[in-house]
Amino acid sequence: MSLKVYNTLSRTKEEFVPIHPPRVGMYVCGPTVYGHAHLGHAKSYVSFDVILRWLRHSGYDVSYIQNITDVGHLTEDTEGMADEGEDKIVREARRRRLHPMAVTEMYARSYFDDMDALNILRPDISPRATGHITEQIELVTKMLESGHAYEVNGSVYFDVHSFKGYGKLSGRSVDEMEAGARVEVSQEKRHPSDFAVWKKAEAGHIMQWPSPWGPGYPGWHLECSVMSTKYCGGPLDIHGGGIENQFPHHECEIAQWEAVHGGTFAKYWLHNNMVTIHGGQKMGKSLNNYVSLKELFSGQIDDPQRKANVSLSKPYDPMVVRQLLLVSHYRSPIDLSDEALQAAESGYHKLRDAVAAVRGAMGSARPGEADAGVAEKAKDIEARFAEAMNDDFNTAIAMATMFDLVKVANAAVESGATQGALSLIDETFRVLGGDVLGIVTDRMTEAADGGETLDGVMRLVIELRADARRNKDFAAADRIRDGLTDAGIVLEDRPDGTVWKRS
RNA sequence: GGCGGCGUACCCAAGUGGACUAAGGGGACGGAUUGCAAAUCCGUUAUUCAUCGGUUCGAAUCCGAUCGCCGCCUCCA
């Protein structure tokens with residue numbers, strides 16, 4: 001069965017055939033590190049994390065590159081509007097009284113912390129834009145030599161009319177856009193749609209580098225064109241990113257790269273949809289309704305204004321956020337709400353408890369092969385899972401099969417299934433739920449089991465409570481259970497004895 | 001003004017011409033089980049897919065109109 005992916009270039013699902021199988025070069029637009037990551041980042045990077053994992057699971061040898069943008073490009077079009085045109089990173093640096101590089105370093109670390117918490121695999125390479133100034137200057141030079149760019153007063157602009165493919169990704173034409181242009185056009189540009197590939201820096205500008213055109217800094221779209229080629233060694237199989245970057249960012253990347261190198265920059269363009277909040281409102285900085293991942297994980301929103309705009313009843317485990325994202329499709333928008341998070345939490349706990357129950361039962365299960373019934377169900381789940389993932393990474397259906405496996409798992413534990421049956425179920429959870437979806441982890445069962453010391457203490461407490469129950473002293477038994485509940489431990493009296501877990 | 005997308009149960013959300021009563025999760029309700037709970041298991045919860053027309057043997061899925069919502073066109077995952 002072949003993998004089909006939705007390619008923005010063709011606006012259809014296409015069969016996935018890498019340029020040099022089994023190798024796959026995948027580049028995803030990374031964050032601009034001038035603030036903490038928010039839920040939008042989580043959606044994008046969880047989506048591409050699962051795509052990466054499925055490709056690897058399918059046998060592809062994937063190089064995964066994701067840049068860190070540590071130059072906070074001011075836009076060429078807002079030049080002249082002093083307050084709006086400032087470099088984001090420089091602004092943040094001044095606010096915090098730090099060097100810009102200290103700011104980007106801090107937020108890059110914060111970003112990786114959050115991504116780790118979401119169980120997102122780290123990219124093979126996370127190149128920084130500032131580490132590739134030489135290569136960017138080189139590409140600009142080639143654009144000038146080939147007549148695709150022109151220099152004006154220390155800045156260099158790409159001439160969109162020199163590249164006939166401009167607009168092929170986003171489906172627009174230069175002439176149509178001109179009519180509805182909302183922004184003031186820089187006088188230096190020959191055409192409003194031309195974009196800066198190198199910007200002249202004013203004397204006081206902190207982040208600047210020497211270049212053949214004088215001191216300056218690279219244009220926003222340049223880094224991706226350069227770093228993807230450098231680390232994937234040629235055209236990309238997959239270029240991913242958020243849908244809002246389709247235009248102008250990705251359109252410009254294509255233009256720069258293809259104008260200079262010829263051929264196709266990236267074979268498949270994959271775009272994830274956006275996160276909205278409270279019924280479809282865009283989540284954004286200017287709207288004051290965004291939630292950072294750290295806030296989501298801690299349940300605390302410090303900014304009073306944003307706190308009023310975002311309702312969050314409690315902290316959520318990062319894996320609950322991952323669960324929420326996986327239950328919808330990456331090309332669909334997802335709306336954040338406290339209700340949605342709570343539903344995801346309940347679902348995640350159901351999954352976690354089933355995995356823990358299977359692992360817990362394995363030790364004392366009777367030896368034997370997996371019975372035909374369980375084996376057949378596991379096989380069926382695996383087949384439906386693969387079919388879903390091969391259909392443009394349909395994680396919603398893949399997750400549904402995991403809940404079918406939850407049913408199989410609970411039934412097996414209840415009926416005292418064989419060791420073979422339990423380990424087959426566990427293995428299916430590990431591979432499909434763990435390796436591919438990244439939602440089943442060892443951390444899951446650690447949380448349910450607790451440490452060894454606590455385990456000993458809990459054995460004693462459960463024994464004492466069992467004595468009380470035998471003596472019909474239910475008041476004492478309930479007091480113990482209620483007290484433990486307050487302390488964050490749940491007791492379950494099952495037919496074969498009492499078990500405990502963290503709530 | 002230009003380009004694009006969405007509207008499926010109480011909530012989240014798959015499905016995008018025909019296999020079966022439109023996946024799955026949450027919630028609610030009923031039953032089994034239980035000292036009581038929790039968990040688990042079984043069952044119920046959309047004759048219907050924004051509305052109205054049309055194409056078709058057949059439509060949630062295609063076409064048209066209408067209403068509502070959203071994204072991009074300016075930094076943005």
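Within every chain, numbering begins at 1; the chains are lettered A, B, ... in the order of the sequence lines, protein sequences first and strands thereafter.
- The aromatic rings of A:His221 and A:Phe195 sit perpendicular, their planes meeting at an angle over 60°, well past the 30° parallel limit.
- Atom CD of A:Gln246 is separated from atom C1' of B:C70 by 15 Å (rounded to the nearest Å).
- Between A:Phe265 and A:Trp269, the ring planes are tilted. Angles from 30° to 60° get that label.
- Ring geometry for A:Tyr27 against A:His239 counts as tilted: the plane angle lies between 30° and 60°, on a 0 to 90° scale.
- Looking at residues two or more places apart in sequence or on another chain, you find no salt bridge (Lys or Arg N to Asp or Glu O under 4.0 Å) involving A:Asp159.
- Figure legend: A:Arg91 and A:Tyr34 shown without cation-pi pairing, the cationic atom not lying both under 6.0 angstrom from the six-membered ring centre and within 45 degrees of its axis.
- Residues meeting the side chain to side chain donor-acceptor pair (under 3.5 Å) test with A:Thr395, sequence neighbours left out: none.
- Taking atom P on both nucleotides, B:G27 is separated from B:A39 by 9 Å, rounded to a whole Å.
- Of the listed nucleotides (B:A77, B:C42, B:G27), B:G27 has the atom at the smallest distance from the side chain of A:Ser346.
- Per the geometry, CG belonging to A:Asp353 stands 15 Å off C1' belonging to B:G25, to the nearest Å.
- Per the geometry, CG belonging to A:Asp482 stands 12 Å off P belonging to B:A38, to the nearest Å.
- Taking atom C1' in both B:C6 and B:A13, the straight-line distance is 14 Å, to the nearest Å.
- A tilted orientation is assigned to the rings of A:His38 and A:His41, their planes being inclined by 30° to 60°.
- Side-chain proximity of A:Lys407 to the nucleotides B:U40, B:G2, B:G25 is greatest for B:G25.
- When the salt bridge (Lys or Arg N to Asp or Glu O under 4.0 Å) test is applied to A:Asp371, no partner is found at least two apart in sequence or on another chain.
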Between the protein and nucleotides 33-36 of chain B, list the N/O to N/O atom pairs that are separated by less than 3.5 angstrom.
| from | atom 1 | to | atom 2 | distance (Å) |
| --- | --- | --- | --- | --- |
| B:G35 | N7 | A:Arg469 | NH2 | 3.4 |
| B:G35 | O6 | A:Arg465 | NH2 | 3.4 |
| B:G35 | O6 | A:Arg469 | NE | 3.3 |
| B:G35 | N1 | A:Asp478 | OD1 | 3.1 |
| B:G35 | N2 | A:Asp478 | OD2 | 2.8 |
| B:C36 | O2 | A:Arg481 | NH2 | 2.6 |
| B:C36 | N3 | A:Arg481 | NH1 | 3.0 |
| B:C36 | N3 | A:Arg481 | NH2 | 3.2 |
| B:C36 | N4 | A:Asp493 | OD2 | 3.0 |

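- Taken residue by residue, residues 37-49 of chain A places heavy atoms nearer than 4.0 Å to RNA chain B at A:His38, A:Gly40, A:His41, A:Ser44, A:Tyr45.
- Between B:G30 and B:U56, the two C1' atoms lie 43 Å apart (nearest whole Å).
- Between A:Asp493 and A:Arg465, at least one side-chain N (NZ, or NE/NH1/NH2) sits under 4.0 Å from a carboxylate O, which counts as a salt bridge.
- For A:Glu382 and A:Lys377, the salt-bridge test fails: no basic side-chain N is under 4.0 Å from an acidic carboxylate O.
- Separation of the P atoms belonging to B:U21 and B:C73 is 46 Å when rounded to the nearest angstrom.
- Residue A:Ile243 is out of contact with every strand shown, counting any heavy-atom pair closer than 4.0 Å.
- If A:Met283 and A:Val327 are placed on RNA chain B by their nearest nucleotide, the residue sitting closer to the 5' end is A:Val327.
- Applying the salt bridge (charged side-chain N to carboxylate O under 4.0 Å, His left out) test to residues at least two apart or on different chains, the pairs with a partner in residues 315-325 of chain A are A:Asp49-A:Arg322, A:Asp317-A:Arg443.
- Within 4.0 Å (heavy atoms only), A:Val413 reaches no atom of the nucleic acid at all.
- When distances are taken from the side chain of A:Asn410 to each of B:A23, B:U40, B:A38, the shortest belongs to B:U40.
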Between N or O atoms, less than 3.5 Å apart, protein on one side and nucleotides 15-20 of chain B on the other: list the pairs.
| from | atom 1 | to | atom 2 | distance (Å) |
| --- | --- | --- | --- | --- |
| B:G15 | OP1 | A:Asn394 | ND2 | 3.1 |

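- When distances run from any side-chain atom of A:Cys29 to the nucleotides B:A13, B:A77, B:G2, the shortest one goes to B:A77.
- A cation-pi arrangement is present between A:Arg331 and A:Tyr6, with the terminal nitrogen or guanidinium carbon under 6.0 Å from the aromatic centre and inside a 45° cone about the axis.
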What does the list of N/O pairs under 3.5 Å between the protein and nucleotides 4-6 of chain B look like, with a distance for each?
none

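- Atom OH of A:Tyr348 and atom C1' of B:G25 are 15 Å apart (whole Å).
- Look at CD on A:Glu345: it is 18 Å from P on B:C12, rounded to the nearest Å.
- Heavy atoms of A:Glu492 sit under 4.0 angstrom from at least one base atom.
- Side-chain atoms of A:Asp194 never come within 3.5 Å of backbone atoms of A:Lys189 as a donor-acceptor pair (strictly under, hydrogens ignored).
- For the pair A:Arg190 and A:Tyr157, the NZ or CZ position fails the cation-pi test of under 6.0 Å to the six-membered ring centre and within 45 degrees of the ring normal.
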**OP:** Any chance you could encode RNA chain B as dot-bracket? Rule is Watson-Crick or G-U wobble with both distances under 3.5 Å; [ ] for pairs crossing earlier ones, | for another strand.
**Re:** ((((((((.[[[..)..(.....]]]((((((.......))))))....[[[[[..)....]]]]])))))))....

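- Remark: P of B:A14 and CD of A:Glu387 are 17 Å apart, rounded to the nearest angstrom.
- Summarising the geometry, the separation between CD1 on A:Ile277 and P on B:C70 is reported as 14 Å, rounded to the nearest angstrom.
- Counting only heavy atoms from C-beta on, A:Arg494 has its side chain closest to B:A39 among B:U40, B:C73, B:A39.
- Comparing B:G53 with B:A59, their C1' atoms are spaced 14 Å from each other, to the whole Å.
- Atom CG in A:Leu336 sits roughly 15 Å away from atom C1' in B:A13 (whole-Å rounding).
- For A:Asn245, taking side-chain heavy atoms from C-beta onward, the closest of the listed nucleotides B:U40, B:A77, B:A38 is B:A77.
- Not counting sequence neighbours, the partners of A:Tyr268 by the ring-ring contact (aromatic ring centres under 6.0 Å, His included) test are A:Phe16.
- The side chain of A:Phe403 approaches B:G25 more closely than any other nucleotide in the set B:G71, B:C12, B:G25.
- Around NZ of A:Lys472, the count of heavy atoms belonging to other residues, nucleotides or ligands within 6.0 Å does not exceed 12.
- Separation of the P atoms belonging to B:C42 and B:G35 is 22 Å when rounded to the nearest angstrom.
- When all heavy atoms are compared, the tightest approach of A:Arg53 to A:Val436 is CD-O, 3.1 Å.
- For A:Tyr330, the side chain to side chain donor-acceptor pair (under 3.5 Å) partners are A:Asp392, not counting sequence neighbours.
- For A:Asp124, the side chain to side chain donor-acceptor pair (under 3.5 Å) partners at least two apart in sequence or on another chain are A:Arg56.
- Considering only side-chain N and O atoms, A:Ser337 lies nowhere under 4.0 angstrom from the phosphate OP1 or OP2 of B:C11.
- Each of A:Ala343 and A:Ala396 was matched to the nucleotide of RNA chain B holding its nearest heavy atom; the match closer to the 5' end belongs to A:Ala396.
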